[in-house]
Protein chains: 2
Amino acid sequence: MNHCPDLHGLMARMGVISFSFLQACGCSMKKSTGVTLIEVAKKAGVARMTASRALSGDGYITEETKAKVLAAAAELGYTPNALARAMKGGRTNVIGAVVNDLASTVINAYVTELSAEVRRHHMDLFIYNAVDDFSLANGQRLDQLLNGLWDGLIYVMPRMSDEYLAMLEQSSRPVVLINYCKQVTGLPVINGDNFNGARDATHHLIDLGHRRIAFIRGFGYTGQSEERERGYRAALDDAGIVFDPELVQQGDFSLLSGAEATERLLGMANRPTAIFAANDEMAAGSMQVLQAAGLTLPQQVSLIGFDDAPIASFVQPKITTLRHPIGAMAKAAVQELLLRINNEPGRRQRVEFPSEFLVRESTAAAPPHP
Amino acid sequence: MNHCPDLHGLMARMGVISFSFLQACGCSMKKSTGVTLIEVAKKAGVARMTASRALSGDGYITEETKAKVLAAAAELGYTPNALARAMKGGRTNVIGAVVNDLASTVINAYVTELSAEVRRHHMDLFIYNAVDDFSLANGQRLDQLLNGLWDGLIYVMPRMSDEYLAMLEQSSRPVVLINYCKQVTGLPVINGDNFNGARDATHHLIDLGHRRIAFIRGFGYTGQSEERERGYRAALDDAGIVFDPELVQQGDFSLLSGAEATERLLGMANRPTAIFAANDEMAAGSMQVLQAAGLTLPQQVSLIGFDDAPIASFVQPKITTLRHPIGAMAKAAVQELLLRINNEPGRRQRVEFPSEFLVRESTAAAPPHP
DNA sequence: ATGAAAGCGCTAACAG
DNA sequence: CTGTTAGCGCTTTCAT
């Protein structure tokens with residue numbers, strides 16, 4: 001970039017950019033690509049290969065030559081081109097995290113943990129926010145984009161079509177899925193337990209004397225809401241409580257949808273005494289509506305959420321909820337992915353981490369029968 | 001990968017991985033690198049270049065040959081290697097967004113908008129969460145990592161050392177900063193207005209009759225808190241109110257720190273009647289403490305935040321706040337970056353977008369003098 | 001311990 | 001319209 005400073009400056013001052021001219025004088029136009037190894041080698045008076053060895057640190061080399069090369073590199077401000085390096089070695093040391101909705105606090109938590117964990121392995125994490133679902137068309141675009149740029153991919157709570165999943169299974173690229181339980185897949189999956197957690201939570205409500213317990217669903221992209229609902233129903237079955245489909249209301253994981261579902265529940269002749277929402281945002285929305293209706297928590301209504309989102313401990317009373325061990329799961333996901341990247345046999349195909357039940361202030365004994 | 005399925009399978013079943021063996025039979029070990037252009041060309045019975053043209057879409061080519069190539073590519077499951085492509089063309093069509101704390105809802109909002117905007121330009125956004133600050137050492141690591149992998153970088157609310165900033169300025173790589181007002185820089189900067197917004201907000205309080213107005217600071221990494229404080233003080237000056245340094249309390253942008261700062265304010269002999277927090281999280285923390293102390297908002301105390309974070313409209317009463325036009329800023333940042341990537345003269349070096357003042361429910365007339 | 005050659009996968013530039 | 005040549009920046013392999 002410093003071959004033609006005067007001309008460059010002159011042209012700039014003239015407000016003119018002449019491509020061929022800049023090319024001719026040695027200024028690369030296509031990209032501010034910086035100095036290359038060959039220039040370092042020339043400056044140090046050695047061969048390209050020697051310079052490479054000096055900078056990479058491996059292979060035999062005299063301390064003296066090494067110092068010479070390093071000095072030249074420093075002086076020229078040399079930075080190796082990751083692209084070229086990866087093309088030879090086949091590794092970029094970059095792992096991709098693919099998500100559908102980065103704004104979700106839960107997804108965010110996973111990504112943050114993944115970032116830290118990947119760093120511990122001296123690699124880096126790039127996050128890709130695929131705003132839309134993974135349809136096959138989108139998927140193929142994504143696939144092309146990803147090809148070569150990273151060593152492996154972690155899909156966090158992916159919303160993917162069956163066709164996209166199938167494509168992923170066929171591709172031999174290293175991939176790990178986090179919290180995908182919509183269907184079985186041959187891909188390695190790290191899941192937090194939803195079924196048993198939800199079952200425990202519902203049992204907790206039953207033990208407190210609740211009989212009419214509502215469930216607010218989220219949407220079904222990853223299958224997590226379904227698993228939670230399955231746990232809810234299993235607990236009812238365990239206790240011999242007849243399932244009332246009216247008590248299950250559809251939401252979409254948003255606060256507003258939790259509020260709306262709760263309004264529908266309050267409109268019922270035979271209201272529930274407890275509500276289990278498939279996530280904390282919906283539980284918070286539910287709480288707003290309950291309190292606005294003059295009901296006190298937990299005396300008159302009990303409430304349970306899921307995920308241990310920040311909002312669960314912000315509201316009054318703090319919401320009883322369930323937590324997945326996000327740190328441990330991120331660690332496991334990276335570990336599995338690395339095994340696959342190194343072509344070692346993956347240890348586990350499908351792991352389920354137990355969830356933790358956090359009893360806080362939103363659950364209490366059912367009010368006496370009217 | 002399908003050159004030696006039997007042997008591969010056999011070895012796997014034996015629990016043995018022999019690198020040289022796999023190499024010898026044509027299975028690439030370094031990466032599941034997929035089929036290359038040359039294989040597609042061979043299958044289609046054309047030259048490599050013809051295949052390239054057929055797939056890239058430009059250049060003259062018969063429909064017939066094109067179809068042949070596309071068919072071959074589809075059959076082989078060919079995906080172009082982005083690395084190799086970028087190395088020639090010098091473009092990856094990928095833009096990087098670099099942040100320090102992805103968990104921040106504000107940063108998150110910017111990144112989400114950037115994602116969408118970049119997509120509109122038929123490029124993709126990779127997000128890099130640098131958990132630490134940008135020290136020079138970190139920076140150089142980052143710099144190497146980034147080199148070649150993307151066409152340009154957007155730093156969103158970066159916490160960077162002066163040395164790192166200097167390095168960034170020297171480097172000729174396309175870079176844009178969002179919300180960095182800690183110091184002047186030659187780099188293109190897209191800022192939301194903090195000074196005038198804060199001044200307006202404080203004037204609003206003064207107009208409501210408040211005279212003792214507290215300010216809760218955030219930390220000073222980006223200079224935004226300082227600008228907001230400057231606006232606060234300017235409004236006091238405008239109104240001829242003597243500045244009381246005791247009324248400025250240090251926080252760190254977290255909810256908890258806002259709560260703690262408010263406790264200190266409540267401990268004062270001459271309490272403020274209004275509080276202006278440098279962001280909404282701190283305002284929410286402040287509200288918790290105020291309400292816990294039995295004070296009703298906005299009748300007894302007025303409260304203003306900044307950023308229009310989700311929590312501001314979740315709490316009761318909803319917090320009066322200020323909003324930066326995040327969408328427009330993201331758009332501008334991408335536009336400026338693209339100009340730089342294309343080596344066109346950047347239109348604007350430093351842009352400041354006006355902020356919007358959102359009067360909600362947490363501000364009212366000052367209580368009558370005791 | 002150093003250097004020369006070859007090539008990763010792709011595409012501009014020039015021939016035919 | 002298609003093929004050939006050359007080369008992006010780097011490293012692996014082999015020779016010195």
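Remember, it's a predicted structure, so these values are computed and weren't measured experimentally. Lettering of chains follows the sequences in order, A, B, ..., and the numbering in each one begins at 1.
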How are the rings of F126(B) and W150(A) set to each other: parallel, tilted or perpendicular (split at 30° and 60°)?
parallel

Are the side chain of Q170(A) and the backbone of M167(A) linked by a donor-acceptor contact shorter than 3.5 Å?
no

Can you tell which of dG9(D), dG3(C), dC10(C) lies closest to the side chain of A84(A)?
dG9(D)

Drop me the distance from R48(A)'s CZ to T36(A)'s OG1, to the nearest 0.5 angstrom.
8.5 Å

At less than 4.0 Å, is any side-chain N or O atom of T50(A) found next to OP1 or OP2 of dG3(C)? Yes or no.
yes

Provide, to the nearest angstrom, the distance between the CG atom belonging to L55(B) and the P atom belonging to dA12(C).
13 Å

Distance-only donor-acceptor check, side chains T65(A) and T62(A), under 3.5 Å
yes

Can you find a side chain N or O atom of S52(B) that sits less than 4.0 Å from OP1 or OP2 on dT11(C)?
yes

Side chain of T36(A) only, heavy atoms from C-beta on: which candidate in dG3(C), dG9(C), dG9(D) is closest?
dG9(D)

CD1 of I38(B) versus P of dC8(C): gap in Å, rounded?
8 Å

Any donor-acceptor pair under 3.5 Å linking the side-chain atoms of Y155(B) with those of Y164(B)?
yes

Gap between atoms CE and P, on M87(B) and dA6(D) respectively (whole Å):
18 Å

Would you say Y60(A) places a side-chain N or O within less than 4.0 Å of OP1 or OP2 belonging to dT16(D)?
no

L37(A) CG to dC8(C) C1': how many Å, rounded?
16 Å

With a 3.5 Å cut-off and heavy atoms only, can you find an N or O donor on one side and an acceptor on the other between the side chain of R85(A) and the base of dT11(D)?
no

Report the distance from atom CG of N81(B) to atom P of dC10(D), rounded to the nearest whole Å.
17 Å

Between dA13(C), dG7(C), dG9(C), which nucleotide has the shortest distance from any of its atoms to the side chain of M49(B)?
dA13(C)

Separation of atom CG in L83(A) from atom C1' in dG7(C), rounded to whole Å
16 Å

Check the distance between dT11(C)'s C1' and R53(B)'s CZ and give it to me in whole angstrom.
9 Å

Nearest 0.5 Å please: distance from the CD1 atom of I190(B) over to the CG atom of L337(B).
10.0 Å

Looking at DNA chain D, which of residues 62-74 of chain A put a heavy atom within less than 4.0 Å of it?
none

Selected nucleotide, minimal atom distance to R48(B) side chain, candidates dG3(C), dG9(C), dG7(D):
dG7(D)

K42(B) NZ to dG3(D) P, in whole Å, measures 15 Å

Does any non-hydrogen side-chain atom of L37(A) lie less than 4.5 Å from one of Y78(A)?
yes

